[in-house]
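Every chain is numbered from 1 and lettered A, B, ... according to where its sequence line falls, protein lines coming before strand lines. When reading the values below, keep in mind they use all heavy atoms of this one structure, side chains included, and skip hydrogens, waters and symmetry mates.
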Amino acid sequence: MHDIRFIREHPDAFDRGLARRGLAPESKRLIVLDEARRKIILELETAQARRNAASKEIGEAKKTKNEKKAAELMAEVAALKETIPAMEAAEKAASKALDDALAQIPNLPLDDVPDGKEPSDNVEHHRFGAKRDYAFTPKQHFELGEALSQMDFETAAKLSGARFVVLKKGLARLERALGQFMLDVHTSEHGYTEVAPPLLVRDEVMFGTAQLPKFADDQFATQGRIEEDDLQKFFDQLKYDERYLEAGPAIETRHGTTEIPYRLTREGLELFNFFRAAKNRHWLIPTAEVPLTNLVRESIIDEAQLPMRFTACTPCFRAEAGAAGKDTRGMIRQHQFTKVELVSITTPEQSRDEHERMLSCAEEVLRRLDLHYRVVTLCTGDMGFAAQKTYDIEVRLPGQNMYREISSCSVCGEFQARRMNARYRAKQDRNIRHVHTLNGSGVAVGRARIAVMETYQEADGSIAVPDVLQSYMGGMKKIAKSE
RNA sequence: GGAAGGGUGGCCGAGUGGUUUAAGGCACCGGUCUUGAAAACCGGCAGGGGGCUCUGCUCCCUCGUGAGUUCGAAUCUCACCCCUUCCGCCA
């Protein structure tokens, strides 16, 4: 969420930032909304101030027995009480219009983010390791997994549909081992606090990290249950407004009378669906970034507590609404996957350095697994909604013969903090300011398993267990087919 | 799912219709004292927003949220949200 005061004071810089993302200018429209808002606030507050002053004068007039003046003042207050409610409603509407508009606008890129439109415009930052030579043609992870009878898409489809998988034996354990290993590295060596967060969260939490309102279609949510009382309340609210209720076709009853039933209009149905969806709903987290970042929502933290660093290994759930046809084979893009997440809460001064640090924490995991990867700085056109700057780590998948994203580390500035109302009290001047937030995968466990499988595959289709994982695998050195 | 009790500044907490302009404490900041620190004492200290002649002055809103009653609401009424405890069910 942007600061309207910044936009008001730096409209050109704001629009330039949007332009770098390939977006049309917004400052003019926002400033118009803001001016409308401030105008009505001024009117409302003038009326309120007069009402308050007159009320005090009433007391004084009564004290001095000036009944005539008191009566006049009371008439004035009565008149103000007629007009103030409408102004209050107008003020609310104007503020909401501005907030709704602001909520739809993505964060601005930092100066050093490369300009570009597409992933191909991302800039390589550095590499670790090198492509390996194989004496055979490396297979893709799903070929390996299915041949081992430890990765089963068909059964998963019976249970849950496409984009799910059942893992067994060594591959199931490899998933667990990777998560444990990563958490241990981050907690015991990188200073992150391990958290086991809720996987189901409220609307406002999803808004805080900016999954809502814009990306609702990408999320899974639980369905609220509607009871009879709720339904009655819903229809009471409609009040036979013809936008929502209309007369249906007449029905001849058994008794020869004609009844004209009411039914929902299209808009009424939409309203009903909205009402039902919002009732007792929870969202399934698409990433632990959501609960971890929101840990500090609606609070004022002492600067001495910063930076805060949180990590969690959780399942993540994504509807993959816009990904039809993409990565349909294998486990690259699933509705459910495991990820170790890193989140930092910092002061504005710390966030840039913390971003570099977070990247190196994520990289360390891949280094110890001895996986070849490259780091790219995302271009302005490829960055996520909330990010100011993002590094992606792309791991080499020899079977796919591609580099694929395995981690994404973003600094968000105060963009999310504003949405969450997360602030800190500065040590120096005791002022309250918004914190900065950062998030990164440290790293995606599902994709790390794929990378291990494809990188460590052997000619016979078995998979060597990387040294650092063997202790997490009960000493297992090789994942091979077993009866 | 049932019942009861709650939601007040960064934190704790008083306040059940009218100097609440929200007591008091803790924390924090400044000062006095001290070789220094602690203690003690003195002073300051909620958040958000608007306006202006903008280092300042001033106004508005906020006691979970929204509506209502009233000349007047933290306080009363209604609805909703959230939390806690107990009971039931349950891994």
K.L.:
Specify the residues of residues 2-14 of chain A, ordered by number, for which at least one heavy atom lies under 4.0 angstrom from an atom of RNA chain B.
P.N.:
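By residue number: A/R5, A/R8.
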K.L.:
Can you check whether A/Y424 and A/H434 have ring centres sitting under 6.0 Å from each other?
P.N.:
no
K.L.:
Below 3.5 Å is the cut-off: list the nitrogen or oxygen pairs between protein and nucleotides 66-69 of chain B, distance only.
P.N.:
unit_1 : atom_1 : unit_2 : atom_2 : d
B/A67  : OP1    : A/K92  : NZ     : 3.2

K.L.:
Over 60° means perpendicular and under 30° means parallel, so tell me whether A/H186 and A/H190 are parallel, tilted or perpendicular.
P.N.:
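Tilted: the ring planes of A/H186 and A/H190 meet at 30° to 60°.
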K.L.:
Quick one: A/Q305 CD to B/C28 C1', roughly how many Å, whole number?
P.N.:
13 Å
K.L.:
Tell me, please, which residues at least two apart from A/R38 pass salt bridge (charged side-chain N to carboxylate O under 4.0 Å, His left out).
P.N.:
A/D34
K.L.:
Using heavy-atom distances to pick each residue's nearest nucleotide on RNA chain B, tell me which of A/I41 and A/K427 is more 5'.
P.N.:
A/K427
K.L.:
Listing time: all N or O pairs from protein to nucleotides 61-65 of chain B that are below 3.5 Å?
P.N.:
unit_1 : atom_1 : unit_2 : atom_2 : d
B/C61  : OP1    : A/R51  : NH2    : 3.0

K.L.:
Can you tell me how far C1' in B/C45 sits from the matching atom in B/G24, rounded to whole Å?
P.N.:
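These two C1' atoms come out 15 Å apart once rounded.
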K.L.:
Between the protein and nucleotides 52-57 of chain B, which nitrogen or oxygen pairs are less than 3.5 angstrom apart?
P.N.:
none

K.L.:
Would you indicate, yes or no, if B/G50 has its OP1 or OP2 atom less than 4.0 angstrom from a side-chain nitrogen or oxygen of A/R37?
P.N.:
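Yes.
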K.L.:
If you apply the rule side-chain hydrogen bond (donor to acceptor under 3.5 Å, both in side chains), what do you find for A/N439 with A/S410, and how did you get there?
P.N.:
CA-CA 5 Å; A/N439 62 77; A/S410 298; 4.6 Å; no
K.L.:
B/G51 phosphate, OP1 or OP2: any side-chain N/O from A/R38 under 4.0 angstrom?
P.N.:
yes
K.L.:
Identify the pairs formed between an N or O of the protein and an N or O of nucleotides 45-47 of chain B at a distance under 3.5 Å, and give each distance.
P.N.:
unit_1 : atom_1 : unit_2 : atom_2 : d
B/G47  : O3'    : A/R423 : NH1    : 3.0

